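First up is the structure itself, then whatever we jot down about it.
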Amino acid sequence: QSTQLLFELSHPGRRAALLPKLDPEIAAASEPLPAHQTNDAPPPLPELAEGDVVRHFTNLSTLNMSVDTHFYPLGSCTMKYNPKRNERLASLPGLADVHPLQPAETIQGMLAILYELQHMLAEISGLPGVSLQPAAGAHGELAAMMVAQAYFAKKGENRPIVLTADSAHGTNPASAAMAGFQTKTVKSNADGLVDFEDLKSKLNDQVAVFMLTNPNTLGLFDHQIREITDAVHAAGGLVYADGANMNAILGISRPGDFGADMMHYNPHKTFSGPHGGGGPGAGPICVRDFLEPYLPSPTIRYDAEQDMYLLDDDRPDSIGRIRSFFGNTGVLLRAYFYIRSYGGEGLRQVSEDAVLGANYLLSKVKHILHVPHGDRCMHEFVASASKLKKEKGISAMDLAKRILDFGFHAPTVYFPLVVDEAVMVEPTETESKETLDAFAAALFRVTEESGDLIHDAPHSTRVSRPNDVAAARNPIMRWTKDK
Amino acid sequence: QSTQLLFELSHPGRRAALLPKLDPEIAAASEPLPAHQTNDAPPPLPELAEGDVVRHFTNLSTLNMSVDTHFYPLGSCTMKYNPKRNERLASLPGLADVHPLQPAETIQGMLAILYELQHMLAEISGLPGVSLQPAAGAHGELAAMMVAQAYFAKKGENRPIVLTADSAHGTNPASAAMAGFQTKTVKSNADGLVDFEDLKSKLNDQVAVFMLTNPNTLGLFDHQIREITDAVHAAGGLVYADGANMNAILGISRPGDFGADMMHYNPHKTFSGPHGGGGPGAGPICVRDFLEPYLPSPTIRYDAEQDMYLLDDDRPDSIGRIRSFFGNTGVLLRAYFYIRSYGGEGLRQVSEDAVLGANYLLSKVKHILHVPHGDRCMHEFVASASKLKKEKGISAMDLAKRILDFGFHAPTVYFPLVVDEAVMVEPTETESKETLDAFAAALFRVTEESGDLIHDAPHSTRVSRPNDVAAARNPIMRWTKDK
Amino acid sequence: MYLFHTDEDRQAMLKSIGAESVDELIHSQVPENARFEGTLQLPPALSEMEMQREVERAAAQNASAASHVCFMGGGAYDHFVPATVDAIASRGEFFTSYTPYQAEVSQGNLQAMFEYETLVTQLTGLDVSNASLYDGGSAAVEAVMMALSVVKGRNKVVTSAAVHPEYRQILETYLRGLQCELVVAPYDASGTSSGIADYIDDKTACVLIQHPNFFGRLEEVQQIADATHAAGALLVQSFDPISVGRLKRPGDMGADIAVAEGQGLGNPLNFGGPYLGIMACRNELVRRLPGRIAGQTVDRRGNRCWVLTLQTREQHIRRERATSNICSNQTLLALRATIYLSLLGPEGLKETAEHCLQKTQYMQKQVASLERFSVPFAGPVFKEFVVKDHDGSVANLIESMRGDGYLAGVPLGQWYPELSDCYLIAVTERRTRDEIDSYCRSLSQLTSEGVIAGA
Amino acid sequence: MYLFHTDEDRQAMLKSIGAESVDELIHSQVPENARFEGTLQLPPALSEMEMQREVERAAAQNASAASHVCFMGGGAYDHFVPATVDAIASRGEFFTSYTPYQAEVSQGNLQAMFEYETLVTQLTGLDVSNASLYDGGSAAVEAVMMALSVVKGRNKVVTSAAVHPEYRQILETYLRGLQCELVVAPYDASGTSSGIADYIDDKTACVLIQHPNFFGRLEEVQQIADATHAAGALLVQSFDPISVGRLKRPGDMGADIAVAEGQGLGNPLNFGGPYLGIMACRNELVRRLPGRIAGQTVDRRGNRCWVLTLQTREQHIRRERATSNICSNQTLLALRATIYLSLLGPEGLKETAEHCLQKTQYMQKQVASLERFSVPFAGPVFKEFVVKDHDGSVANLIESMRGDGYLAGVPLGQWYPELSDCYLIAVTERRTRDEIDSYCRSLSQLTSEGVIAGA
């Protein structure tokens with residue numbers, strides 16, 4: 001089918017949605033608006049029939065790889081199976097059609113679920129204070145940095161610096177900067193873990209927070225995590241744990257127990273909210289009790305006297321509101337359904353199977369690509385194509401592109417930055433051994449193929465490699481009639 | 001993605017759906033069944049995870065062409081756009097979750113809709129008696145033949161013969177035969193219409209029914225339809241109209257007005273019920289007042305005294321029940337929604353646009369392929385590839401296969417039987433002029449292509465032409481471990 | 001509306017055609033004496049927004065298994081439909097395609113049909129299945145018709161009063177025009193067809209039974225099969241596809257043709273349709289099997305693929321000599337059943353059957369313990385049982401129970417005058433102990449007029 | 001549960017790894033002092049059937065726009081969502097894919113993003129759009145942050161009390177850690193920001209207004225834009241994407257950056273999220289635009305295609321110097337908006353705006369005609385208006401009206417103490433005349449305690 005744009009399919013006068021005729025008495029009551037406020041014509045949206053719209057988007061969809069159609073081992077993104085039941089439940093009218101400003105007494109069912117979710121997230125993290133408000137992981141990081149700022153401000157301490165690991169997601173330094181902190185980078189050591197000496201050399205009374213990811217983006221759990229968090233605390237700082245990799249440690253290790261003071265979840269990763277082509281996610285954060293007063297408002301509390309759940313925004317030390325209305329409820333509900341589907345033991349099994357799957361795939365891949373950081377990992381691992389690049393001119397990007405031809409989405413490449421030609425693989429617990437075997441076999445075949453075949457890959461997709469450079473140099477960011 | 005069968009993906013011990021634990025007191029109340037009644041093991045169904053099932057079927061679906069993805073000019077099948085709103089409405093719990101044996105007073109909303117649909121179908125057909133019960137067009141034909149039988153039996157007339165047109169769908173003679181009639185064929189004349197002389201020569205007091213399709217399967221409206229129906233009536237017979245082509249004449253011509261005594265609708269065609277890969281359809285029938293008593297039971301009537309809609313099965317002359325429960329309600333509801341979306345004038349516009357689109361495409365195709373029956377048609381037309389076959393060895397089948405490569409579903413081929421190398425095209429009213437132009441252009445290109453390219457077509461599909469002969473000679477109709 | 005053409009388009013198309021107007025096109029085809037000149041008298045067109053409102057209002061007037069706790073069965077059941085079934089079956093490529101006439105662009109449907117057929121053979125223990133029929137009732141009748149055409153020179157059909165009464169009604173309708181005799185063997189004191197053998201003779205072409213039967217009772221299928229075969233006839237068994245999670249399959253007990261209502265396999269109640277007619281038979285009968293069949297073959301490149309096969313049986317080839325007149329079938333419901341069974345697997349099916357079995361037994365005991373009620377048919381049941389109300393009218397009882405939030409059951413008097421004080425209760429895996437117990441409490445509070453005391 | 005591995009699989013995998021047990025794997029990574037040795041104290045696992053029941057029960061405890069007639073607005077609206085939006089956006093290929101890092105297998109998402117961006121430029125009259133932000137509120141704040149980074153050496157932000165109070169709260173939160181001054185100009189007697197120019201000076205980096213504003217009133221955007229630009233600042237306008245069906249677009253009135261809450265474009269209310277943050281700006285500002293952007297390019301074969309572009313702005317490249325920290329965005333909601341706008345087209349958008357406009361005016365007149373109520377802010381409104389109750393408490397009124405089946409409106413006292421006897425009524429295209437008239441009848445029957453007399 002064609003890849004015409006909506007705008008190119010547009011045909012003057014064609015229509016899909018029709019509205020009812022306006023009641024004449026309503027029209028009669030209407031007075032004309034001031035002429036300078038009104039347009040001469042509505043925006044030049046495309047004009048399509050309903051059949052056009054359906055066919056266009058249905059065909060567009062098939063140009064995507066997705067979890068529903070392909071193995072999607074995109075490291076750090078936890079592309080696990082998204083249960084269909086959660087979609088049906090989240091669409092119940094009594095949930096999906098609730099207005100965000102309804103009085104609490106009209107939404108007790110909703111608040112009860114979200115209140116229970118607060119408790120679940122606290123239990124899983126080992127951190128009792130919970131805000132469900134942040135709209136995404138990065139938004140949670142930002143909120144937490146603001147919490148830290150408010151906390152130190154209240155204590156009268158001036159701590160302008162946030163430390164981040166060099167293997168961290170870019171969101172960590174970016175979030176700290178948005179909250180007004182200066183950021184400094186802590187190096188990784190040869191094992192891919194926090195360079196404890198480097199950290200210690202940077203810890204002082206200027207440091208507000210050390211943001212770390214554990215297990216980190218190499219899929220490694222830091223052996224010295226307790227020593228690290230103790231050192232930060234000893235310097236008067238707080239530890240922030242990036243929750244991107246929670247899928248590795250559900251019921252196995254709790255950030256609150258290993259010394260994190262704050263963390264966010266990515267429910268769309270860990271708790272299977274669908275990724276939606278890039279979002280929506282959500283970024284609930286959990287904090288230690290002494291930080292709870294600073295959390296964004298509102299939170300949900302249960303009022304025993306009234307036997308009612310309430311939205312609490314009478315929280316004087318709170319950093320305030322960080323988004324409109326309550327939060328990304330639809331995503332949070334799916335997280336709740338997911339956790340209820342598994343229970344405590346089930347969640348541990350999730351992480352065990354995620355770790356098992358990653359180690360199994362690692363045991364195969366390490367014979368194909370160099371894996372710099374040993375032959376054990378948590379839920380993901382990072383291989384390197386640097387030898388292949390040197391010897392055969394095949395880069396991590398080439399591998400990624402060629403593997404698409406075998407019916408697999410590519411791993412994450414060139415991240416984390418601490419590994420040269422990084423190939424970051426996260427199989428998740430919802431892929432079979434057969435699939436992991438097939439992926440390893442395909443990867444092996446690719447490394448044996450000729451350079452030419454690989455440099456021109458992918459061959460089986462609708463489009464070949466796009467020219468990113470041209471796109472950035474002369475950006476075309478919307479359709480216009482003449483382009 | 002792979003085309004493994006479910007059974008080949010099966011992995012012992014894998015599970016998707018789980019059931020709640022049985023309450024111990026329930027289990028305690030249970031007594032063992034007699035051993036000879038119970039199995040030793042459940043049926044050997046495949047063992048899959050939920051993610052397996054979703055990925056398997058999602059990928060399978062993409063191997064189909066469909067109205068949502070492609071132009072689908074399959075003649076005689078009216079592959080029009082299937083409105084998504086009708087799916088949402090039909091899924092409302094108050095409709096989809098109604099048990100078929102609920103008392104009438106609990107389903108007044110449902111019965112009101114179906115009662116109104118009876119009226120609508122009567123109005124559109126010009127035939128006042130309606131049964132919504134038949135499950136498909138062919139089932140409607142069968143029911144109507146039984147009605148005819150009951151009618152003549154009541155009248156004490158012995159009329160063992162049903163006449164069918166040689167251009168008719170195979171269901172016509174098959175349905176008549178199933179009802180116990182002998183069938184005889186009425187020929188088409190050179191114009192593709194009923195050979196009136198042949199008909200008259202076969203009309204006598206043995207003939208119960210003449211089954212015709214008007215407009216017929218060539219897309220032609222019979223000019224002599226009134227003369228034909230008058231002649232049948234004069235011979236004491238009944239006229240049955242196959243409603244497959246109703247999309248051509250909504251609000252333009254009514255079977256009841258042109259002399260049909262009975263007809264069926266194919267709501268999945270005319271009223272846009274989705275075709276579902278082969279069904280479900282529905283086959284409501286409409287009949288003249290004097291045949292109404294013989295319709296299958298139950299029908300829906302409104303009882304003014306009780307101000308209630310009732311399922312009426314106290315109808316002594318009725319042929320009785322022809323399927324379990326009420327009918328294919330889900331399909332009927334979609335027909336109701338469809339009719340309500342258009343209203344009377346809208347429905348006429350549907351048929352006008354269907355006729356216009358077909359004539360427009362005919363005006364293009366007639367320069368590409370021979371169209372034996374003139375350059376006007378109703379909602380579809382039949383071209384012939386016989387010249388192409390003689391001259392270049394390209395058959396209707398070859399054309400059909402090659403057009404798939406251009407992103408179009410093929411027209412119906414080799415039907416009706418009265419046209420050599422028939423190519424039967426029905427564009428419907430829900431395709432744009434642009435699409436019709438593109439289809440004609442592709443058809444033209446195909447006829448200009450080399451025979452080799454065409455004989456091996458399709459080239460772009462997952463599989464090439466299947467070996468039908470082998471399939472029929474040595475039928476493999478289920479998966480077994482060793483195949 | 002869903003139309004594409006603007007008035008400008010219409011003019012441009014007419015110009016290409018060489019016509020002045022659409023009326024001219026129509027008049028060139030439709031003679032004046034066949035034209036409808038008025039406007040169809042139908043309610044005015046509704047926008048989506050208006051229709052949503054109006055249909056929601058009508059739907060809200062219905063009680064349903066969503067608004068009430070459903071203990072109704074009688075051939076249609078409130079089984080649980082996993083969300084995955086809806087999510088996948090609603091994909092446009094399944095939903096808006098048609099019969100796979102062009103196999104190359106219909107492999108999705110064809111493979112799913114082939115998988116469905118295989119699953120049906122696994123459920124029935126028989127050799128071959130078609131791709132679906134209209135519903136359980138017409139499938140049963142088609143099976144009888146098929147048997148009549150196979151067993152030459154016999155025209156008697158024996159069935160049992162414990163077969164679904166509506167199925168028997170359809171059979172009567174279908175057989176009326178043909179030269180056949182239909183004999184209905186009565187049920188015995190325990191609600192089974194133990195005496196049916198007496199009705200089978202050398203004129204009998206086939207025997208149609210239901211197991212578990214309409215009363216939920218188990219039949220002695222193997223014995224009936226032996227008697228049937230001894231008389232040279234074929235046995236058609238209508239079965240419950242959930243039941244074979246625990247019960248023996250038709251093919252394992254001697255049935256020659258098995259039929260079933262497949263609604264319970266992932267399809268909503270939908271006030272009776274569309275439903276799914278399941279049919280399977282022994283290999284020897286395949287060329288008489290009605291309906292579409294998907295078969296395996298290879299393409300020109302040698303790839304395994306699927307096609308519609310044995311089409312010479314079908315109406316579009318064979319016309320009046322076809323094995324049946326079926327054209328459209330229930331592919332979408334067969335797909336839903338295929339997804340459903342894939343999700344359940346053997347253990348899921350077994351557990352579902354176990355739930356039905358045990359909850360039904362539990363409830364039967366609870367109801368029987370109430371003074372006013374009894375269970376007239378002793379012996380094992382699956383998913384359904386008959387209750388006798390010694391006091392008061394069943395219709396009133398049902399109505400009163402509805403006020404308490406229940407679709408209480410199916411009254412039997414409409415089909416069995418002798419059972420007018422009885423009704424049928426169905427208990428699927430969805431029913432909880434709490435629902436069963438509450439139901440029985442409501443029953444125990446019924447007054448003789450059926451009204452719930454104190455309610 | 002959704003797991004794949006059987007115990008046999010696990011053993012086989014462990015063997016390949018060369019580990020004895022999963023515990024061994026974990027212990028090799030997780031030091032003893034970081035292990036959680038207990039079991040998470042969570043409610044027990046639920047089957048789908050059980051969860052469906054439980055969640056349905058919880059959902060039934062909520063009032064909603066489905067159970068009540070919704071006149072609530074304040075930034076989230078009960079607009080009609082066509083079924084087509086749900087049907088398409090729920091396709092797994094959209095739903096379960098992620099950020100298009102591999103463009104070759106993400107052209108569906110990328111093209112839809114590009115289409116969305118183009119639609120946003122069409123709605124705003126501005127040059128470029130990103131692929132979405134979290135919601136209307138954070139989009140407004142991101143726009144202010146963007147303006148602060150563009151307009152060098154200025155640290156004052158001016159806004160109006162007639163901007164959504166929650167948006168202003170977010171702004172306060174975000175600005176607190178930075179060295180910025182936030183000035184809020186009061187609304188005037190007619191509920192608009194006519195006096196805002198007085199607050200704009202040469203320290204002002206940007207001005208944030210909302211039009212139509214929080215009270216539904218129209219602002220004089222062009223005048224404010226002129227004053228803003230005269231002071232060398234940038235104008236950020238938060239607008240209602242439905243309103244531009246009839247009202248001038250932000251870019252046509254001088255706004256430099258336009259932001260909006262896109263929930264009303266085909267997205268459900270969802271108790272506040274996920275929502276859709278819309279943002280567009282003039283070309284000159286593009287390299288400061290936060291969030292993902294899809295751009296057009298060609299592939300190696302010269303085919304037009306789409307990629308994520310200008311990524312050097314983004315956090316994963318630029319880290320602490322990024323224009324924003326955004327990683328996941330709201331692609332699925334942007335897709336829904338894209339489908340919604342495709343269905344509406346220009347005429348549909350215009351008619352929808354016209355419905356909102358006219359029904360709101362009609363209702364405003366009806367309410368104002370009731371003795372007890374008045375409309376404090378005179379002048380044109382779009383989709384929303386403020387009502388003053390001269391007698392009785394707004395909370396009681398809302399509660400009482402709920403008993404009559406209405407979500408009656410949004411009380412204003414929580415944000416505006418001076419308006420504690422006022423509330424906001426929103427009227428979307430979904431509301432019918434009958435609903436409006438019935439609402440007013442209910443209002444007219446209110447007693448001073450808010451209870452509906454005779455109810």
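All of these numbers come straight from a predicted model, not from anything done at the bench. Below, chain A is the first sequence line, B the second, and so on; all start at residue 1.
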Shortest non-hydrogen contact from V307(D) to P466(A)?
-> CG1-CB, 3.2 Å
Does the side chain of I124(A) reach to within under 4.5 Å of the side chain of L42(D), using non-hydrogen atoms?
-> yes
If one checks every heavy atom of D23(A) against chain D at 4.5 Å, the contacting part turns out to be side chain
Say you draw a straight line from CG of N62(D) to CE of M110(A); how long is it, rounded to the nearest 0.5 Å?
-> 5.5 Å
Contacting region of A294(D) [heavy-atom separation from chain A under 4.5 Å] = backbone
Proximity breakdown for T84(D) and chain A, heavy-atom pairs closer than 4.5 Å = side chain
Main-chain N/O of F271(D) paired with T329(A) side-chain donor or acceptor, under 3.5 Å | yes
Would N325(D) and S175(A) satisfy side-chain hydrogen bond (donor to acceptor under 3.5 Å, both in side chains), going step by step from the backbone distance to the final call?
-> CA-CA 5 Å; N325(D) 67 338; S175(A) 300; 2.8 Å; yes
Which bit of I322(A) comes within less than 4.5 Å of chain D, counting heavy atoms only: side chain, backbone, both or neither?
-> both
Min side-chain heavy-atom separation N39(A)-D252(D) under 4.5 Å = no
CZ of R300(D): more than 12 outside heavy atoms within 6.0 angstrom?
-> yes
Between V30(D) and chain A, which part of the residue has a heavy atom less than 4.5 Å away: side chain, backbone, both or neither?
-> both
Exercise: identify the closest heavy-atom pair between R478(A) and D127(D) | NE-O, 3.1 Å
Do S253(A) side-chain atoms and A34(D) backbone N/O form a donor-acceptor pair below 3.5 Å?
-> yes
Using the side chain to side chain contact (heavy atoms under 4.5 Å, CB included) rule, take Q222(D) and H36(A) through it: C-alpha gap first, then chi angles, then the decisive distance, then the call.
-> CA-CA 9 Å; Q222(D) 185 70 60; H36(A) 71 280; over 6 Å; no
Side chain from CB out, backbone as N, CA, C, O: work out which of these in L101(A) comes under 4.5 Å of a heavy atom of chain D, or both, or neither.
-> both
Whatever's closer than 4.5 Å to a heavy atom in chain A on L178(D) counts as side chain
Residue pair L123(D), L45(A): steps toward the side chain to side chain contact (heavy atoms under 4.5 Å, CB included) verdict = CA-CA 8 Å; L123(D) 288 180; L45(A) 303 177; 4.2 Å; yes
So what's closer than 4.5 Å to chain A heavy atoms on E48(D): side chain, backbone, both or neither?
-> both
Answer yes or no: are there more than 12 heavy-atom neighbours, outside K350(D) itself, under 6.0 Å from its atom NZ?
-> no
Should the ring pair H275(A) and Y98(D) be called parallel, tilted or perpendicular, given that the plane angle runs from 0 to 90° and is split at 30 and 60?
-> perpendicular
Proximity breakdown for P103(A) and chain D, heavy-atom pairs closer than 4.5 Å = side chain
Mind running side chain to side chain contact (heavy atoms under 4.5 Å, CB included) on V355(A) and Q29(D) for me, showing each step along the way?
-> CA-CA 10 Å; V355(A) 169; Q29(D) 288 275 314; over 6 Å; no
Apply side chain to side chain contact (heavy atoms under 4.5 Å, CB included) to the pair N359(A) and V22(D), showing each step before the final yes or no.
-> CA-CA 10 Å; N359(A) 277 282; V22(D) 175; over 6 Å; no
Contacting moiety of I293(D), where chain A heavy atoms sit under 4.5 Å | side chain
With only heavy atoms counted, which part of A96(A) is less than 4.5 Å from chain D, the side chain, the backbone, both or neither?
-> both
What residues, two or more places apart in sequence or in another chain, satisfy salt bridge (charged side-chain N to carboxylate O under 4.0 Å, His left out) together with R465(A)?
-> D398(A)
Okay, R348(A) and chain D: the region with an atom under 4.5 Å from a heavy atom over there is side chain
Which bit of L14(D) is near chain A, if near means a heavy-atom gap under 4.5 Å: side chain, backbone, both or neither?
-> both
Is the shortest heavy-atom distance from the side chain of S90(D) to the side chain of E87(A) under 4.5 Å?
-> no
Counting only heavy atoms closer than 4.5 Å, note whether I339(A) contacts chain D via side chain, backbone, both or neither.
-> side chain
Under 4.5 Å to a heavy atom of chain A? For E56(D) that would be both
Proximal component of H169(A), with respect to chain D [non-hydrogen, under 4.5 Å] | backbone
Non-hydrogen side-chain atoms of Y167(D) and S324(A) separated by less than 4.5 Å = yes
Residues D9(D) and K433(A) bridged, charged N to O under 4.0 Å = no
Calculate, to the nearest 0.5 Å, the distance between atoms CG and OG1 belonging to L247(D) and T38(A) respectively.
-> 7.5 Å
Atom group of R176(D) that falls short of 4.5 Å from chain A, counting heavy atoms = side chain
Based on non-hydrogen pairs under 4.5 Å, which of H164(D), K359(D), Q358(D), E429(D) is most in contact with chain A?
-> Q358(D)
Cut-off 4.5 Å, heavy atoms of chain A, and the answer for I88(D) is side chain
Mind checking whether R249(D) and P43(A) have side chains closer than 4.5 Å, heavy atoms only?
-> yes
Check whether A19(D) gets within reach of chain A through its side chain, its backbone, both or neither, counting any heavy atom under 4.5 Å.
-> both
Indicate, with yes or no, if the rings of Y2(D) and Y342(A) have centres closer together than 6.0 Å.
-> yes
Student check: side-chain heavy atoms of L60(A) and E93(D) closer than 4.5 Å = no
Would you check if P280(A) and Y275(D) make a side-chain contact, meaning some heavy-atom pair closer than 4.5 Å?
-> no
Which bit of L407(D) comes within less than 4.5 Å of chain A, counting heavy atoms only: side chain, backbone, both or neither?
-> side chain
Polar side-chain atom of D97(A) near backbone of S64(D) as donor-acceptor pair, under 3.5 Å = no
How about V55(D) and L95(A): do any of their side-chain heavy atoms sit closer than 4.5 Å?
-> yes
Interchain contact, P82(D) with chain A, by part (heavy-atom threshold 4.5 Å) = neither
Do you know which two heavy atoms are closest between Q102(D) and A400(A), and how far apart they sit?
-> NE2-CB, 3.7 Å
Would a line drawn from the ring center of Y101(D) to the ring center of H409(A) be shorter than 6.0 Å?
-> no
Would you give the length of the straight line joining atom CG of L5(A) to atom CD of Q296(D), rounded to the nearest 0.5 angstrom?
-> 7.0 Å
Check: N82(A) side chain, T96(D) main-chain N or O, donor-acceptor pair, under 3.5 Å = no
So which part of V128(D) gets closer than 4.5 Å to some heavy atom of chain A, the side chain, the backbone, both or neither?
-> side chain
Any residue meeting salt bridge (charged side-chain N to carboxylate O under 4.0 Å, His left out) with R321(A), in chain and number order, not counting sequence neighbours = E166(D)
So what's closer than 4.5 Å to chain D heavy atoms on I249(A): side chain, backbone, both or neither?
-> neither
So which part of M79(A) gets closer than 4.5 Å to some heavy atom of chain D, the side chain, the backbone, both or neither?
-> side chain
NZ/NE/NH1/NH2 to OD/OE distance under 4.0 Å, R10(D) and D353(A) | yes
